[in-house]
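All remarks here apply to the structure that follows.
For reference, positions follow the sequence shown, starting with 1. All of these numbers come straight from a predicted model, not from anything done at the bench.
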Amino acid sequence: MKKSFQIIKLVLLISAVLFSNQAIAQLPTDNRLKTPLDSLVQRSVSTFMQNNSRVGISVGIIKDGKKFIYNYGSTERDEQHLPTEHTIYELASITKTVGATLLAKAVLDKKVKLNDDIRKYLKDDYPNLEYNGTPITLMNLANLTSGLPNWMPDKDIFGKADPDAIPYILDSVHTIYSRQDLYRDLHEVKLKVLPGSISKHCNTAAQLLGYIMERVYNDNYENLLKKYFAKPLNMKNTYLLKSGEVPLKMAKGYDGKGRIMPVIDWEDFRVAASIASSTSDMLKYMAFQLDEKDPVVSLSHQPTFGKIEDGAIALNWKVKMAEDGRRSISHTGGSLGFSSYMVFYPDLNSGIVLLSNEADQGTQNELITLADKIMISITRESTGR
């Protein structure tokens, strides 16, 4: 009886492995499976794509300065169109790293100082934007310590709404919420903590930083993106999304239930979360960020809050030193229908960017796990550990 039970367990195990291998083989991809890196990416991505909610994913890797791109799944759920290196995804909060890099440039251009009171760059008077006499600084905007509300308007817009309706409520509110509305409502904000004391995700801070950079450089954000990033880095598939202007190569974004989600092209939010790009372009952006000989890049990577062993905040980047000495710099992004993650290791000239056209509560964390599976192997190979 015991022997029969062991045989049954072995048969089930073999069946599971065969089924898994079959599923991997059926997963649409351009991965040629010719190198150990190809196989590593295949195993790692296949685990991520086993979730039925997933639609497509593009993987960009820089390993010792060399670039690799892999695509899986589809750009849309109902038809099979394998993504390419030029497929465009929403970057969501990774957009914030562009504003932070512009801030570093403005500091080095001697246009601003990191400890400047932000009210120096706002047209109206905001006596409320301080706590016990301590003002919000530009650095507070960039390291998530401003104390500002995460969202504006700073009120409950959901009430007792069905959770499934939340994305559409957000879209309906922000489609008509302008930057003038934000400036107006900013007068009503009451800080509850000392700026610089607590780090929390803050869209409002990123919005204000983007607006301030426009004022400092006397140009709109779309032009700043083109002038300082897209053109010099030859990023031909990178856009600042506008209402009614969806790029032709853009994938469709979905939530965990397979519903097509609205694009974040809101006017008030554009400078904080509306850059869309491709894997090939994001590898160019990563290569730029890997070069810390560039003083702008170096400044944007300097920790400004927290301990590096726990994960410090630089200028909108998270900087962490692992126990084995690997220093990583990362940022996540999540919109209504897209999820993204970028992590790179300047000391090893290596990194990874993951772009997915699906977003649910677990997608971003799973992208981090996926990146770790791939990059731990790559960085250990690079360091010989």
Side-chain angles (χ1 to χ4, degrees), residues 91 93-130 134-148 152 179-180 182-183 186 189 195-196 199 202-233 235 238-240 267-275 284-285 288-305 312-319 329 331 346:
L91 299 183
S93 280
I94 291 181
T95 298
K96 295 174 172 63
T97 68
V98 170
T101 304
L102 284 172
L103 173 59
K105 175 175 172 53
V107 170
L108 293 170
D109 287 344
K110 300 188 183 304
K111 293 179 177 291
V112 304
K113 296 179 181 178
L114 286 178
N115 61 359
D116 280 347
D117 185 332
I118 66 169
R119 293 175 294 188
K120 179 180 179 181
Y121 305 99
L122 303 180
K123 292 182 179 180
D124 294 344
D125 292 328
Y126 292 92
N128 57 313
L129 296 185
E130 62 177 43
T134 299
I136 301 170
T137 67
L138 292 177
M139 184 165 66
N140 296 148
L141 295 181
N143 69 8
L144 317 181
T145 64
S146 68
L148 290 167
M152 295 291 282
R179 73 167 63 190
Q180 287 71 31
L182 185 147
Y183 280 129
L186 199 60
V189 168
S199 183
C202 187
N203 291 309
T204 305
Q207 288 167 278
L208 285 177
L209 181 58
Y211 299 160
I212 290 171
M213 288 300 100
E214 287 185 326
R215 185 171 183 184
V216 166
Y217 281 101
N218 194 31
D219 208 345
N220 65 58
Y221 212 74
E222 183 176 21
N223 286 341
L224 293 176
L225 176 63
K226 291 178 181 178
K227 183 176 181 179
Y228 295 114
F229 299 94
K231 287 187 177 180
L233 299 179
M235 297 166 68
T238 299
Y239 304 89
L240 191 65
E267 191 268 343
D268 72 304
F269 224 66
R270 197 167 293 146
V271 300
S274 292
I275 293 178
K284 294 171 184 176
Y285 181 63
F288 163 72
Q289 291 288 347
L290 280 167
D291 181 14
E292 291 186 333
K293 292 180 182 178
D294 185 322
V296 171
V297 172
S298 179
L299 178 58
S300 71
H301 293 175
Q302 296 303 310
T304 58
F305 183 85
I313 306 298
L315 298 185
N316 252 315
W317 291 106
K318 181 177 181 179
V319 184
I329 299 176
H331 208 293

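A donor-acceptor distance shorter than 3.5 angstrom exists from the side chain of D116 to the backbone of K113, with no hydrogens or angles considered. Checking side-chain atoms of Y211 against main-chain N and O of V271 turns up no donor-acceptor pair under 3.5 Å. When atom types are taken as modelled, the side chain of N143 and the backbone of A312 share no donor-acceptor pair closer than 3.5 angstrom. Side-chain atoms of D219 do not come within 3.5 Å of backbone N or O of L224 as any donor-acceptor pair.
The distance from the CE atom of M139 to the CZ atom of F305 is 10.5 Å, given to the nearest 0.5 Å. Within the model, atoms CD of E267 and CD of Q180 stand 6.0 Å from one another, a figure rounded to the nearest 0.5 Å. How far CG of L129 is from CG of D117: 8.5 Å, rounded to the nearest 0.5 Å. Remark: N316 CG to L209 CG distance equals 7.0 Å, nearest 0.5 Å. Going from atom CG of L208 over to atom CZ of R179 covers 10.0 Å, rounded to the nearest 0.5 Å. With rounding to the nearest 0.5 angstrom, the CG atom of L148 is 4.0 Å from the CD1 atom of I136.
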Working for side-chain contact (heavy atoms from CB on, under 4.5 Å), residues I329 and Q289: CA-CA 9 Å; I329 299 176; Q289 291 288 347; over 6 Å; no
Check the pair L91, I275 against side-chain contact (heavy atoms from CB on, under 4.5 Å), reporting the backbone distance first and the verdict last. CA-CA 6 Å; L91 299 183; I275 293 178; 3.7 Å; yes
side-chain contact (heavy atoms from CB on, under 4.5 Å) between I118 and L138, intermediate numbers included: CA-CA 6 Å; I118 66 169; L138 292 177; 4.0 Å; yes
Under the side-chain contact (heavy atoms from CB on, under 4.5 Å) rule, what do Y221 and L102 come out as? Steps first, then yes or no, please. CA-CA 10 Å; Y221 212 74; L102 284 172; 3.9 Å; yes
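In terms of heavy-atom proximity, A205 sits nearest to C202 at N-SG, 3.3 Å. Taking every heavy atom of both residues into account, A106 and M213 meet most closely at CB-SD, 4.2 Å. Looking at every heavy atom in both residues, T137 comes nearest to N115 through CG2-O, 3.6 Å. Taking all atoms of both residues into account, the shortest heavy-atom contact from L315 to A104 is CD1-CB, 4.1 Å. Shortest non-hydrogen contact noted between E292 and S298 is O-CB, 3.4 Å. Nearest approach of S199 to I313, heavy atoms of both residues: OG-CG1, 3.7 Å.
Donor-acceptor pairing under 3.5 Å is recorded for the side chains of T97 and Y285. Side-chain N/O atoms of D124 and Y183 include no donor and acceptor closer than 3.5 Å.
Residues F229 and T238 fail the side-chain proximity criterion, which asks for heavy atoms closer than 4.5 Å. Between Q207 and L182, some side-chain heavy-atom pair lies under the 4.5 Å cut-off.
Applying the side-chain contact (heavy atoms from CB on, under 4.5 Å) test between K96 and each of T101, L141, N203, L144 identifies N203 as the sole match.
Between R270 and E222, no side-chain nitrogen of the basic residue sits less than 4.0 Å from a carboxylate oxygen of the acidic one, so the salt-bridge criterion is not met.
Checked against salt bridge (Lys or Arg N to Asp or Glu O under 4.0 Å), D109 has the following partners two or more places apart in sequence or in another chain: K105.
D125 CG: 12 or fewer foreign heavy atoms inside a 6.0 Å radius.
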